[in-house]
Amino acid sequence: MATSQTKPLIEGRDENGVPLKSDYDGMCPAPNSLHVLYTKLFFIFASVGVAIGFGLWHFAMSKLVREKIGVLAHYELGPLYFGLFALKYTFQMISANMGTARRACKINLPDQHVYRVFGGPANGATVLMDPEGAFGEFNRAQRALANLEELLPLFLVEVAVVGFVFPLFTTAVVIVFSIARFIGARGYTSSVKGRMSGNITSMLVAGMLDGMLFLIGGLAIHAR
């Protein structure tokens, strides 16, 4: 009887259903800093946007783009772009803070919370998402939707302010982002690792907007 009580419910988990290893162990195991890792990724992706934006500005800049930068400069809106850039970086640092706590307790995706039963025959039991079968697919599909909802507010603000200056480029980013997120959601429904290809692509193109924010802010301040 004691053996059945301590047998893991699912392979790779302890008797409480908590994973034996963190998903971060293969990417950034403790004590390595997730804040450093996320900072590197943030600025690498943003630098791609700066490079593209500078290329558009230098080689394909139209009179209309100059006029738009002039409008931003006239109304002293350049610092606002830097502020949005700082806010996006802050979002990444808060995500790194969450990831550090997630890594420590080995609660992997798609779980977002850990619940405990109080009272009754299951008193003290840990409650996590069901990862198997149709319930597991539903849980992961729901998380894919929630992930998009979490990203959309800042993403849409960036689309608006970057799109004011570079509308065609921003439209292309939105289209690629949308397709990549859909691919990631379908993959996530099948498995946690299945989300990676689509989500990484969406993170890259969203990071380009971060870089464009920084560039446009600098151009607007310089134009004054």
Side-chain angles (χ1 to χ4, degrees), residues 6-42 45 88-118 122-156 158 174 176-207 209-210:
T6 58
K7 182 180 179 181
L9 298 176
I10 299 175
E11 185 178 357
R13 296 177 181 245
D14 64 18
E15 64 275 9
N16 294 314
V18 176
L20 299 175
K21 296 181 179 180
S22 169
D23 285 345
Y24 284 104
D25 288 345
M27 175 179 61
C28 187
N32 295 320
S33 173
L34 286 173
H35 290 84
V36 172
L37 175 64
Y38 282 28
T39 295
K40 289 179 179 178
L41 293 175
F42 177 81
F45 291 170
K88 187 64 181 294
Y89 177 67
T90 301
F91 182 88
Q92 296 302 315
M93 291 301 94
I94 293 175
S95 296
N97 178 68
M98 181 278 297
T100 302
R102 179 188 288 281
R103 181 179 64 185
C105 64
K106 301 176 183 178
I107 298 299
N108 298 324
L109 295 175
D111 287 292
Q112 302 299 307
H113 304 281
V114 181
Y115 299 94
R116 177 182 172 187
V117 176
F118 290 88
N123 182 50
T126 299
V127 180
L128 300 172
M129 287 185 176
D130 185 349
E132 297 186 324
F135 288 158
E137 290 184 354
F138 165 73
N139 285 330
R140 291 186 295 273
Q142 188 277 333
R143 281 306 308 158
L145 175 61
N147 287 161
L148 179 60
E149 293 171 341
E150 292 160 5
L151 295 173
L152 272 183
L154 270 177
F155 179 74
L156 292 177
E158 287 187 281
V174 172
V176 174
F177 179 88
S178 301
I179 294 172
R181 274 285 151 179
F182 179 73
I183 293 172
R186 293 292 299 270
Y188 201 171
T189 302
S190 299
S191 69
V192 171
K193 291 184 178 179
R195 79 193 192 286
M196 294 303 294
S197 60
N199 285 7
I200 289 177
T201 301
S202 70
M203 290 168 58
L204 174 59
V205 295
L209 291 185
D210 299 335

Minimal non-hydrogen separation, [X] against [Y], with atom names:
X    : Y    : answer
G198 : I183 : CA-CG2, 4.4 Å
V176 : V205 : CG1-CG1, 3.7 Å
R13  : P131 : NH2-CG, 3.9 Å
N139 : D130 : ND2-O, 2.9 Å
A180 : S202 : CB-N, 3.7 Å
R181 : N147 : NH1-CB, 3.9 Å

Looking only at side chains, do S22 and R103 share a donor and an acceptor under 3.5 Å apart?
no
Is it the case that the side chains of Y89 and T39 hold a donor-acceptor pair, with the cut-off being a distance below 3.5 Å and no angle test?
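Per modelled atom types, T39 and Y89 side chains form a pair under 3.5 Å.
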Donor-acceptor contact present, side-chain [X] to main-chain [Y], <3.5 Å:
X    : Y    : result
N16  : V18  : no
R102 : D111 : yes
R195 : V192 : yes

About how many Å separate [atom2] of [Y] and [atom1] of [X], when rounded to the nearest 0.5 Å?
X    : Y    : atom1 : atom2 : result
T189 : R143 : OG1   : CZ    : 12.5 Å
T126 : Y115 : OG1   : OH    : 13.0 Å
I107 : D23  : CD1   : CG    : 10.5 Å
M196 : Y188 : CE    : OH    : 10.5 Å
R140 : M129 : CZ    : CE    : 10.5 Å
F155 : K88  : CZ    : NZ    : 8.0 Å

side-chain contact (heavy atoms from CB on, under 4.5 Å) between L20 and K106, intermediate numbers included
CA-CA 7 Å; L20 299 175; K106 301 176 183 178; 5.9 Å; no
State, yes or no, whether a side-chain contact exists between Q92 and L41 at a heavy-atom distance under 4.5 Å.
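No, too far: nothing below the 4.5 Å cut-off.
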Can you check whether F42 reaches D210 side chain to side chain, under 4.5 Å on heavy atoms?
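Contact flag for F42/D210 side chains = yes.
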Would L148 and F177 satisfy side-chain contact (heavy atoms from CB on, under 4.5 Å), going step by step from the backbone distance to the final call?
CA-CA 10 Å; L148 179 60; F177 179 88; 3.9 Å; yes
For side-chain contact (heavy atoms from CB on, under 4.5 Å), just list the numbers for Y24 and N32, CA-CA rounded to whole Å, side-chain angles, deciding distance to a tenth of an Å, and then say yes or no.
CA-CA 10 Å; Y24 284 104; N32 295 320; over 6 Å; no
